[in-house]
Amino acid sequence: MKWLAQLLLVLLLIFTPLLLLLLYHQFLSGQEQPDNIPQIPTPAAADLPTPTPAFGQFLENVFRNEVSSNTISLHYSLANPAEYGITNAPVTLGTVYSKDSSNSGGSSNNETAGDYFADIYEQLISYPYQTLTKEEQLTYDTLLRSLNLAMKKNASPYLEEELGPTTGFQAQLPILLAEYRFYTEADVRTYLDLLPCIYDYFKGLANFEKEKSAVGYFMNDKSAQAIIDQCLSFVKDPDSNFLISTFEEKLKALGLPAAKQTEYMLENRTALFSYVLPAYELLADAMKGCLGTNKNPYGLCHYDGGKEYYELSVQAATGSDRTIKELKLLLQDAVNSHMAAIANAIAKDPGIYESYLSLSYPETEPQKIMEHLIRASASDFPAVDCQKYEIKYIPESLQDYVSPAMYLIPPMDDYENNTIYINPNPSYNMDELFPTVAHEGYPGHLYQNVAALSNDIHPLRYLLAPSGYDEGWATYVEIYSYRYAGFSEALTSFLGSNQASTLCLYSLADIFIHYDGYTPEQLAGYLENYGFPRAMSDLIYETMLDEPGAYLPYAVGYLELEEAKARAKSLWGNEYSDYRFHEFLMELGPVPFSVIHQRLEE
């Protein structure tokens, strides 16, 4: 479910072991040039004409179809859909793939999706690239790449997975419902009409998992049990469910007549008890019935077509067109480089480990951290007006299942209002929120999204942006933010290299599992070289099985930006500054990395 990932950008800091052991080892070196797939037409260097009306209308049609494919996507993307020509959109969550056409209302919705992709592709390539404006070319490039990957992935429906302990649909939906904004009374009506759809959609998810179970594609029991436990935790105290209180708080803010408020509150409770909670119970029961049917305890490559599917998924998520072989070289080279930087930092300051254990950030309260980062980063990042934001805390019922923090992307036409969620779960160290707030807030996700939308980029390009661009940027600035904490140069380098090398090692582990077919023993043998004990290696293995590819947008996106930065330094010479590079990226907006390198060369 691509739209869900676009709505919620989640920081996956599940574990960050300190990489200090066995620093001296054999380093792999060398990196091949990426083989870009698909080929992007060479943009015109000369001045381009005014926007093409026919192409503009085509993009508007694609955008309207994409953004209104389900009600949550529409509401979170646009506060005022009518201004984009979207009226009377059906209230729906879409459909779940099913081989049985009776579950999808006719022909297989996977076949329907394939036809849709092919039709849009044929229309897109009919427009002469050289006649388009710069902005139109950027949107063309992004859409072309997205369609190519979608058409190829469409051939392997049973490898798709909408459920997962951290980033699965069932984990994110409660937050999406809690944050569903009521701009008008009509939004209340739409929200209430949406709740019954949840039961039908979960029924589709349950049937899909049963189909996967029957053909040997069901997830491992540990992952399934985690999802079952999560569902049961959500429904265990219905009268205190936070979707009651959040609904009533938002409703009161509209100032409707008391009688109307009472009517809506009763309807919300009724729908919650009749559809939403039963949907979670239904899914939990279906998952229980599938326990013990998993036939593959290892990675995706052990399924038919799994290796090809995994590579396509990685390209789609990261925004990088490198092959898996090229990514392994890129990631391993980065691990080697950052491990050497850690060793160098230790040589400069032998007491750096003790300093790490007793870190003291200048601010520890989220609001004050944001204010500090806005001031401290002013000389390195172009100013962006991000004053309207709210920092909230994850409800207790979800704290055991949700990441340490997340940024909720605002509607494109209401981007000034932003929300960051912090998870106060005791297992997460709240004293170390400083880089997390930089990642989610300023100059991370919040900053980057406000910058992109205030630059008036095409909404379709924004909607289709690869998560690797978003997460790569947020990881880049998270590591960059250590310099704003007042630490020594050695400790700053140590912290940044530790974080980068950890993400790269996790990403390599993901590739080893899902592309190379590593067993737990093989992964343990690799990670042992970096000081990982077997228990930690096994935990990493289980995590990668739960969420294939989850870390790659962070690590690969970060490394692609670092490579673009190095290229900018080479091209710009004495005119280079970090400020100018950041300004270049913010003016360009979210695009695949091949486009960033292309624009740098221009």
Side-chain angles (χ1 to χ4, degrees), residues 9 11 334 337-338 341 345 359 361-364 366-387 389 405 407 415 418 420 432-455 468-500 503 554-555 557-591 593 596-597 599-600:
L9 297 175
L11 176 60
S337 174
H338 284 291
L359 281 180
Y361 287 97
E363 300 290 349
T364 57
Q367 181 65 43
K368 293 187 179 297
I369 293 173
M370 278 283 286
E371 294 168 358
H372 175 89
L373 288 168
I374 291 172
R375 292 191 303 269
S377 65
S379 61
D380 298 314
F381 295 84
V384 172
D385 185 5
C386 300
Q387 298 302 314
Y389 62 87
Y407 166 70
Y415 61 84
N418 293 270
I420 296 173
E432 297 181 2
L433 275 177
F434 191 91
T436 301
V437 172
H439 182 116
E440 304 296 345
Y442 200 103
H445 285 315
L446 186 153
Y447 173 94
Q448 181 254 320
N449 278 275
V450 172
L453 291 169
S454 61
N455 282 340
Y469 178 93
D470 295 316
E471 297 302 353
W473 171 261
T475 300
Y476 168 83
V477 299
E478 176 186 346
I479 292 172
Y480 201 98
S481 73
Y482 288 121
R483 68 188 66 189
Y484 302 136
F487 300 142
S488 67
E489 181 180 346
L491 183 56
T492 298
S493 173
F494 175 92
L495 292 170
S497 289
N498 179 62
Q499 176 69 348
L503 286 172
Y554 298 81
Y558 165 71
L559 295 178
E560 288 279 11
L561 286 177
E562 285 288 351
E563 187 164 292
K565 185 175 183 177
R567 184 59 180 153
K569 289 179 179 179
S570 174
L571 290 170
W572 300 348
N574 292 333
E575 295 182 359
Y576 175 86
S577 68
D578 283 359
Y579 185 99
R580 184 184 175 193
F581 177 65
H582 300 154
E583 184 177 45
F584 162 78
L585 290 174
M586 292 304 101
E587 289 179 352
L588 184 61
V591 288
F593 289 109
I596 293 178
H597 294 300
R599 293 301 188 262
L600 274 174

>> Using the rule given for side-chain contact (heavy atoms from CB on, under 4.5 Å), can you reason through Asp380 versus Tyr484, listing the C-alpha separation, both sets of side-chain angles and the distance that settles it, and then say yes or no?
In response: CA-CA 11 Å; Asp380 298 314; Tyr484 302 136; 2.6 Å; yes

> Can you tell me how far NE2 of His582 sits from CD of Gln448, rounded to the nearest 0.5 angstrom?
Replying inline: 12.5 Å

>> Taking the six-membered ring of Tyr576 as reference, does the cationic atom of Arg580 (NZ for Lys, CZ for Arg) lie under 6.0 Å from its centre and within 45° of its axis?
In response: no

> Going through the checks in order, is the side-chain contact (heavy atoms from CB on, under 4.5 Å) test met by Asp385 and Val450?
Replying inline: CA-CA 8 Å; Asp385 185 5; Val450 172; 5.7 Å; no

> If you take all heavy atoms of Ala564 and Ile596, which pair is closest and at what distance?
Replying inline: CB-CG2, 4.0 Å

> Rounded to the nearest 0.5 Å, how far does CD1 of Ile420 lie from NE2 of His439?
Replying inline: 10.5 Å

>> Within the 3.5 Å criterion, strictly below it, is a donor on Tyr407 or Asn418 matched to an acceptor on the partner's side chain?
In response: yes

> Between the side chain of Trp473 and the main-chain N/O of Leu561, is any donor-acceptor distance below 3.5 Å?
Replying inline: no

>> Using 0.5 Å steps for rounding, measure from the CD1 atom of Ile369 to the OG1 atom of Thr436.
In response: 8.0 Å

>> Working to the nearest 0.5 angstrom, can you tell me the gap between Arg567 CZ and Leu571 CG?
In response: 4.0 Å

>> Between Gln499 and His338, is there a side-chain donor-acceptor contact under 3.5 Å, judged purely by atom types and distance?
In response: no

> Under the side-chain contact (heavy atoms from CB on, under 4.5 Å) criterion, do Glu363 and Leu433 qualify, and how do the steps go?
Replying inline: CA-CA 9 Å; Glu363 300 290 349; Leu433 275 177; over 6 Å; no

>> Once rounded to the nearest 0.5 Å, what's the spacing between atom CG of Leu600 and atom CZ of Phe584?
In response: 4.0 Å

> So how far is it from Asp470 CG to Thr475 OG1, rounded to the nearest 0.5 Å?
Replying inline: 10.5 Å

> Do the side chain of Ser493 and the main chain of Glu489 share a donor and acceptor less than 3.5 angstrom apart?
Replying inline: no

> Is a donor on one side and an acceptor on the other found under 3.5 Å between the side chain of Ser337 and the backbone of Ala334?
Replying inline: no

>> Could you check whether any side-chain heavy atom of Val591 comes within less than 4.5 Å of a side-chain heavy atom of Arg599, counting everything from C-beta outward?
In response: no

> For Glu560 and Tyr476, does a side-chain donor sit closer than 3.5 Å to a side-chain acceptor?
Replying inline: no

>> Please check: side-chain N/O of His372 versus main-chain N/O of Phe434, any donor-acceptor pairing under 3.5 Å?
In response: no

> Any chance the rings of Tyr480 and Phe381 have centres within less than 6.0 Å?
Replying inline: yes

> Between Asn455 and Met586, is there a donor-acceptor pair closer than 3.5 Å when you use the side chain of the first and the backbone of the second?
Replying inline: yes

>> The test is ring-ring contact (aromatic ring centres under 6.0 Å, His included); show your working for Phe494 and Phe487 and say whether it passes.
In response: CA-CA 10 Å; Phe494 175 92; Phe487 300 142; over 10 Å; no

